[in-house]
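For reference, the structure discussed in these notes is given below.
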Amino acid sequence: MMHSFSSDKIPVAVLGATGIVGQAFCLLLADHPVFELACLTGSDSRANQIFSRDINWHLPLAMPDYLKDLPLSCFSMDELSRKNIKIVFCALPTDVAKEIEPKLRDSGYFVFSNAGVNRLSLEVPLIIPEINASSISLIGKQGFPQNGFVVCNSNCAVSGLALAVAPLIKFGIKKVIVATYQSLSGAGYPGVASLDALGNIIPFIPGEEDKIGVELSKIIGHEIPVSATCVRVPVLFGHTEAVWIECEQRPSEKDIIRSWNEFSYNDASLKTLPDKPLTYHENSNYPQPRTAFHGNPFGMTVEIGRLQTTPDGFKFVLMVNNLIRGAAGGSVANAELFVSRYGECL
Ligand SMILES: NC(=O)c1ccc[n+]([C@@H]2O[C@H](COP(=O)([O-])OP(=O)(O)OC[C@H]3O[C@@H](n4cnc5c(N)ncnc54)[C@H](OP(=O)(O)O)[C@@H]3O)[C@@H](O)[C@H]2O)c1
């Protein structure tokens, strides 16, 4: 049975829909009020495959019914134009994205990318709406509205760190030290070999540590010195991060928790954003990656706990869902932001 598309929604494509971030997109786009998933692509080997029959579903929530009969295709611009698609969610490996994303932009498509390759380009917005929604205007530097554009969301570990740090900038942050405990799903599928991962910890994630400081600084809007150590742990979903902050002022624990609790972004048209992006746990046993898919919308809330003051600042632990807030959910929220600001161009 073919899926029928309602005419009042905006048709969108997910490139890399068979991968683990691609699957998170498919989950988030089920019953989306604005977007309708009209095209799912995988690599060339996926031609003539059917989503439910031919992929391994990796997420801990059930595959939505609407996906079951959807056909997969391999990527082609002709397919996008046949389906009247302008908005493209990209969950492709970095080397593939590096080639395809500029081509899509130059052909007039609006690309919401998860790949690391364009994030630091000066004319590419790197957005977490609660922090820097106004940087969406950078799409003008790429030639929009005459041309297409690429908008990026941050590295998954950065997304949680930036949201926890942004409300605390007013205390005069001098330095951030972070140790990450990153889940296996962060490496995609098949990702890390089971013999390396099970019952083990791998103390190096290639390229990861260098991204943290530069992406955090771009999102916050000024340079913040960061020292990061990134480690892969045998957890399926959710990145945990231990964070130490050195700062000029000496806020009390109460001041810091109040700043987190009051942090929000008021734009009801961004349906994928939770009312409050941060939850503080008084219970010292939390946050835990076990609750990575909790919340409404699921996986979009960054959980924080274990706040303690130190002689030169404070420290805490956070947990972010790397696939939802750190990837697909961040990207869908950015596309909602684009539609709310520039919807007349669609
Ligand atoms: N995993 C995370 O937590 C996370 C977080 C933030 C950002 N990201 C970024 O998101 C992107 C996707 O990551 P992932 O973890 O979902 O990876 P993944 O599980 O390996 O999925 C990769 C996807 O790309 C497709 N693909 C591979 N080679 C292709 C080609 N030559 N042409 C067209 N499609 C191709 C795959 O299709 P087949 O199934 O047919 O091979 C699959 O759908 C990466 O750039 C990654 O850095 C990931």
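Note that this is a predicted model, so its numbers are computed, not measured. First listed ligand is number 1; within each ligand, the first listed atom is number 1.
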| Short N/O distance, under 3.5 Å, between Val21 and ligand 1? | yes
| field | Of Leu72, Thr18, Leu29, the residue whose pairing with Leu40 passes side chain to side chain contact (heavy atoms under 4.5 Å, CB included) | value | Leu72
| request: State the atoms of ligand 1, each with its element, that fall below the 4.0 Å cut-off from a heavy-atom position in Arg46. | output: 38 (P), 39 (O), 40 (O)
| task | Check each of Asn321, Thr94, Asn114 against atom 10 (O) of ligand 1 and report the one with the nearest heavy atom. | result | Asn114
| request: Taking Asp255 for its side chain and Ser252 for its backbone only, find out whether a donor-acceptor pair lies under 3.5 Å. | output: yes
| query | What atoms of ligand 1 come within less than 4.0 Å of a heavy atom belonging to Gly42? | reply | 33 (C), 34 (N), 37 (O), 40 (O)
| said: For atom 37 (O) of ligand 1, what is the closest protein heavy atom, and at what distance to 0.1 Å? | reply: Thr18 OG1, 3.1 Å
| query | Would you call Asp106 and Lys103 a salt bridge, taking side-chain N to carboxylate O under 4.0 Å as the test? | reply | no
| With the threshold set at 4.0 Å, does a side-chain nitrogen-carboxylate oxygen contact exist between Glu79 and Arg82? | yes
| message | Quick check on the hydrophobic clustering: are Val317 and Ile177 connected, directly or via other members, by side-chain heavy-atom contacts under 4.5 Å? | response | no
| query | Is Lys98 paired with Asp95 through a side-chain N to carboxylate O contact shorter than 4.0 Å? | reply | no
| query | What is the nearest protein non-hydrogen atom to atom 21 (O) of ligand 1, stated with its residue, atom name and distance? | reply | Gly19 CA, 3.2 Å
| request: Could you say whether the N/O atoms of Ala327 and ligand 1 ever approach to under 3.5 Å? | output: no
| Closest candidate by heavy atom, reference atom 24 (O) of ligand 1, pool Pro93, Ser43, Gly188, Cys152 | Pro93
| What residue and heavy atom of the protein are closest to atom 44 (C) of ligand 1, and at what distance? | Leu92 O, 3.2 Å
| message | Out of all atoms in ligand 1, which are within 4.0 Å of some heavy atom of Cys156? Include the element for each. | response | 5 (C)
| query | Would you call Ala97 a ligand 1 contact, heavy-atom distance under 4.0 Å? | reply | no
| query | Any N or O of Gly16 that comes nearer than 3.5 Å to an N or O of ligand 1? | reply | yes
| said: Measuring from atom OG of Ser73 to atom CG of Leu70, what distance do you get when rounded to the nearest 0.5 angstrom? | reply: 10.0 Å
| Within less than 4.0 angstrom of ligand 1, does Ser185 place any heavy atom? | yes
| field | Nearest protein heavy atom with distance in Å, relative to atom 32 (N) of ligand 1 | value | Val96 CG1, 3.8 Å
| field | Sub-4.0 Å atoms of ligand 1 with respect to non-hydrogen atoms of Gly326 | value | 5 (C), 6 (C)
| Residues Glu130, Arg325: salt bridge by 4.0 Å N-O rule | yes
| Taking Phe75 as the fixed residue, which of Leu15, Leu92, Asp44, Val88 is the one that meets the side chain to side chain contact (heavy atoms under 4.5 Å, CB included) rule? | Leu15
| query | Between the side chain of Asn321 and the main-chain N/O of Gly238, is any donor-acceptor distance below 3.5 Å? | reply | no
| query | Any side-chain heavy atom of Cys90 within less than 4.5 Å of one from Asn114? | reply | no
| query | Would Tyr189 count as a contact of ligand 1 if the rule is a heavy atom under 4.0 Å away? | reply | yes
| field | From Gly116, Ala91, Ser154, Ser183 - option closest to atom 22 (C) of ligand 1 by heavy atom | value | Ala91
| field | Nearest neighbour in protein (non-hydrogen) for atom 3 (O) of ligand 1 | value | Asn322 ND2, 2.9 Å
| request: Check each atom of ligand 1 against the heavy atoms of Ala115 and keep those under 4.0 Å away; list them by number with element. | output: 45 (O)
| query | Between the side chains of Ser269 and Glu336, is a donor N or O closer than 3.5 angstrom to an acceptor N or O? | reply | no
| field | For Leu323, atoms of ligand 1 separated by under 4.0 Å from a heavy atom | value | 1 (N), 2 (C), 3 (O)
